Amino acid sequence: MKVETIFDLIEWSRTLHESLAKCLSHCASLHQNERASLLLEYLASHEAEIEKIVAGFEQKADPKAARTYVYDYMPHNPITTHLDCDDHYANMDATSIEAEVVDFHEQIISLYRTLIEKAEIPEVTELVQSLLDMEEHETKRLVRQIGRMDDM
């Protein structure tokens, strides 16, 4: 998907979370390790929740901010992670799965921070800051929950 406007950015982010949720769910049923399978199921449900939260931003975004062009501020390949679902996660251990999913979120956080630094319109800054706050909160929650799983 080509990201040209803030609305495109929100849709792109929603789609990333949706795709990751589907892939994690698919791989959960294939994984041979019970702990890794449970982790994949949890991560899939968490990504599906984030996808719904991001979809809410699409509906609530200030139209002026949403139509603002961002393609000059976006790196050409902003997220570098495994997005094709080819059973990739079914062949990884739980630690590697966790690291890759957290890295995925950190890349999105970094992208939002870059866009905030370059935003020239207050409404855009506010909208992207809200996306950043949500992504940071959900990443922290994800890490906490994974830590609790490890404690069990």
Side-chain angles (χ1 to χ4, degrees), residues 1-28 38-90 92 94-151:
M1 172 179 196
K2 186 172 183 177
V3 177
E4 294 182 346
T5 65
I6 293 292
F7 182 81
D8 295 339
L9 173 72
I10 296 169
E11 176 61 18
W12 171 80
S13 178
R14 186 197 63 74
T15 302
L16 284 177
H17 288 290
E18 177 185 40
S19 297
L20 184 57
K22 288 178 182 177
C23 186
L24 293 168
S25 179
H26 167 75
C27 290
L38 290 172
L39 175 63
L40 287 165
E41 287 176 13
Y42 168 71
L43 292 171
S45 68
H46 191 91
E47 291 300 323
E49 286 179 39
I50 295 174
E51 185 263 331
K52 290 176 186 171
I53 294 169
V54 174
F57 279 94
E58 289 177 324
Q59 297 167 357
K60 296 176 186 174
D62 177 341
K64 179 181 175 184
R67 289 190 299 265
T68 302
Y69 285 95
V70 296
Y71 54 79
D72 288 340
Y73 307 130
M74 292 280 293
H76 294 293
N77 296 308
I79 302 295
T80 56
T81 191
H82 190 87
L83 294 177
D84 295 326
C85 192
D86 58 1
D87 302 344
H88 174 72
Y89 296 104
M92 297 172 71
T95 303
S96 299
I97 294 166
E98 175 186 353
E100 188 164 311
V101 171
V102 170
D103 180 64
F104 167 83
H105 287 274
E106 291 296 331
Q107 289 181 61
I108 293 174
I109 288 168
S110 177
L111 174 63
Y112 290 160
R113 285 185 179 142
T114 299
L115 290 173
I116 289 170
E117 290 171 5
K118 296 179 180 184
E120 298 174 0
I121 301 170
E123 293 86 355
V124 171
T125 303
E126 183 180 319
L127 179 56
V128 178
Q129 183 66 52
S130 295
L131 286 163
L132 172 63
D133 293 344
M134 179 277 304
E135 193 71 42
E136 287 177 331
H137 171 77
E138 291 301 319
T139 301
K140 287 176 187 174
R141 187 169 76 112
L142 180 79
V143 170
R144 260 193 325 271
Q145 291 299 101
I146 292 171
R148 288 183 183 149
M149 287 177 71
D150 289 341
D151 291 344

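Only a predicted model underlies this, so the values are computations on that prediction, with no experimental measurement involved. For the numbers below, each heavy atom of this structure counts, side chains included, while hydrogens, waters and symmetry mates do not.
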Original post:
Which distance, rounded to the nearest 0.5 Å, do you find between the CD1 of Ile109 and the CZ of Phe104?
Top reply: 10.5 Å
**OP:** Tell me yes or no: between the side chains of Tyr112 and Ser13, is some donor less than 3.5 Å from an acceptor?
**Re:** yes
Subject >> Main-chain N/O of Met92 paired with Ser96 side-chain donor or acceptor, under 3.5 Å >> reply: no
Original post:
Do Arg67 and Phe7 touch side chain to side chain, with heavy atoms closer than 4.5 Å?
Top reply: no
Original post:
What distance separates Leu132 CG from Leu127 CG, expressed to the nearest 0.5 Å?
Top reply: 11.5 Å
**OP:** To the nearest 0.5 angstrom, please state how far the CD1 atom of Ile6 sits from the OG1 atom of Thr68.
**Re:** 6.0 Å
Original post:
Is the closest side-chain heavy-atom distance between Glu47 and Leu16 below 4.5 Å?
Top reply: no
**OP:** Under the side chain to side chain contact (heavy atoms under 4.5 Å, CB included) rule, what do Asp87 and His26 come out as? Steps first, then yes or no, please.
**Re:** CA-CA 8 Å; Asp87 302 344; His26 167 75; 2.7 Å; yes
Subject >> Pairwise side-chain contact, Leu43 with Glu98, heavy-atom cut-off 4.5 Å (strictly under) >> reply: no
Subject >> From CD (Gln129) to CE (Met134), nearest 0.5 Å >> reply: 12.0 Å
Original post:
Taking Ser25 for the side chain and Ala21 for the main chain, is one N or O donor matched with an acceptor at less than 3.5 Å?
Top reply: no
Original post:
Atom CZ of Arg144 and atom NZ of Lys140: how far apart are they, to the nearest 0.5 Å?
Top reply: 8.5 Å
Original post:
Taking the six-membered ring for Trp, are His17 and His46 ring centroids under 6.0 Å apart?
Top reply: no
**OP:** Would you check if the side chain of Asp8 reaches a backbone N or O of Glu4 as a donor-acceptor pair within less than 3.5 Å?
**Re:** yes
Subject >> Results of salt bridge (Lys or Arg N to Asp or Glu O under 4.0 Å) for Glu49 - residues two or more places apart only >> reply: Arg141
Original post:
So do Leu24 and Val101 actually touch side chain to side chain, heavy atoms under 4.5 Å?
Top reply: yes
Subject >> Any Thr5 side-chain heavy atom under 4.5 Å of Val70 side chain >> reply: no
Under 3.5 Å, which donor-acceptor pairs link side chains of residues 51-66 to any protein atom two or more places apart or in another chain?
residue, atom, partner, partner atom, Å
Glu51, OE2, Arg14, NH1, 2.8
Asp62, OD1, Lys64, N, 2.8

Subject >> Heavy-atom closest contact (Ala119 atom, Val124 atom, distance) >> reply: CB-CG1, 4.0 Å
**OP:** Kindly write out the residues that satisfy side-chain hydrogen bond (donor to acceptor under 3.5 Å, both in side chains) with Glu136, not counting sequence neighbours, or none if the list is empty.
**Re:** Arg113
Subject >> Heavy-atom check, side chain of Leu115 versus side chain of Leu9, under 4.5 Å >> reply: yes
**OP:** For residues Val102 and Glu106, determine if any side-chain heavy atom of one lies less than 4.5 Å from a side-chain heavy atom of the other.
**Re:** yes
Subject >> Atom pair CG/OG1 of Leu20 and Thr15 - distance to nearest 0.5 Å >> reply: 12.5 Å
